Amino acid sequence: MCPFVVIEGIDGSGKGTQARLLEEKLIDLGKDVLLTREPTKGPTGRIIREHLKDPFLDDEALALLFAADRIEHLEKEVRPAIGSGKFVISDRYVYSSIAYQGQKVDMEWVGDINKYADRPDLAILLDLDPKISERRVNDRGEDLEYFEEDRSFQEDVRRSFQKISRGLNQPDHLKTEWLVVDASLGVSEVRDRIWDRISSLL
Ligand code: TYD
């Protein structure tokens, strides 16, 4: 079996770092791996990133674009990789749409427009207090995207991810196994906790 694993969390929770560490470990073991992310680098993902820098879309349109980007992602990258025997790790997936877009538009509708999204084998939530993530995001020294600027929004997103990881607020076809890791623990402890679980999938 070729697992499809997704990593979720608020901005600055360390998803990118942990996704890379997991990729390295799997490659060391001789596995074929696709590390990918949403929003993608494809045409829809590029529009989304433009919007995140300097907003011009309304909330429903943004939710539809994330769903469209995801369909392209699944069709062009994720499914072919799984089909060719790769271990797929996605840095963000449909649960980000429920947690982020679900703050602004009807959450059930967000589930509906993601009807064609595949269920991953495992979702990992890097759970972190936005007070900590805010420091990390600022330390990157990059211009902030507009979701990153708003701590109370990040607090709502965190609560939403926590609920999703308990099986709430999502359509049945997206319900999956969750591993929730306290992301304040430090890079190597978080890495080890993730590895404990991933090794059971191999
Ligand atoms: P992020 O993973 O933070 O990318 P980067 O680190 O390159 O900026 O994703 C960008 C933003 O997009 C982030 O604030 C979360 C948001 N997002 C959604 O609102 N909905 C979604 O479905 C996805 C995939 C991301």
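In what follows, every heavy atom counts, from backbone to side chain, and hydrogens, waters and symmetry copies are set aside. Residue indices begin at 1 and follow the sequence shown. First listed ligand is number 1; within each ligand, the first listed atom is number 1. Quick caveat: nothing in here was measured; it's all calculated off a predicted structure.
Comparing E145, E8, K15, R37 by heavy-atom distance to atom 6 (O) of ligand 1, the nearest is R37.
Of all the heavy atoms in S13 and A183, the pair that sits closest is O-CB, 3.6 Å.
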Residue pair R70, S97: steps toward the side chain to side chain donor-acceptor pair (under 3.5 Å) verdict: CA-CA 10 Å; R70 183 160 302 120; S97 281; 3.0 Å; yes

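Under 4.0 angstrom from ligand 1, the non-hydrogen atoms of R92 all belong to its side chain. Within the 4.0 Å heavy-atom criterion, the part of L52 lying near ligand 1 is the side chain and not the backbone.
Stacking of K104 on the aromatic ring of F153 is recorded, both the 6.0 Å distance cut-off and the 45° axial limit being met.
With values rounded to the nearest 0.5 angstrom, L125 atom CG is found 8.0 Å from E8 atom CD.
Using modelled atom types and a 3.5 Å distance limit, the side chains of D59 and Q101 yield no donor-acceptor pair.
Ring to ring, W178 and F161 are not that close: their centroids are 6.0 angstrom or more apart. Ring to ring, H73 and Y93 are not that close: their centroids are 6.0 angstrom or more apart.
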Side-chain donor-acceptor contacts of residues 16-27 below 3.5 Å, not counting sequence neighbours, with atom names and distances?
from	atom 1	to	atom 2	distance (Å)
Q18	OE1	R191	N	3.4
Q18	NE2	V187	O	3.1

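The protein atom (non-hydrogen) at minimum distance from atom 23 (C) of ligand 1 is F66 CE2, 3.3 Å. Protein heavy atom nearest atom 22 (O) of ligand 1, with residue, atom name and distance: S97 OG, 2.6 Å. Looking only at heavy atoms of the protein, atom 20 (N) of ligand 1 is closest to Q101 OE1, 2.7 Å.
Residue contacts with ligand 1: R49 is placed with a nitrogen or oxygen under 3.5 Å of a nitrogen or oxygen of the ligand (distance criterion only). Taking only nitrogen or oxygen atoms, main chain and side chain alike, R70 reaches within less than 3.5 Å of ligand 1. Of the N or O atoms in D11, one or more lie within a sub-3.5 Å distance of an N or O in ligand 1.
Set against the non-hydrogen atoms of S96, the atoms of ligand 1 under 4.0 Å away are 20 (N), 21 (C), 22 (O), 23 (C), 24 (C). Residue contact check: P39 has heavy atoms under 4.0 Å from atoms 9 (O) of ligand 1.
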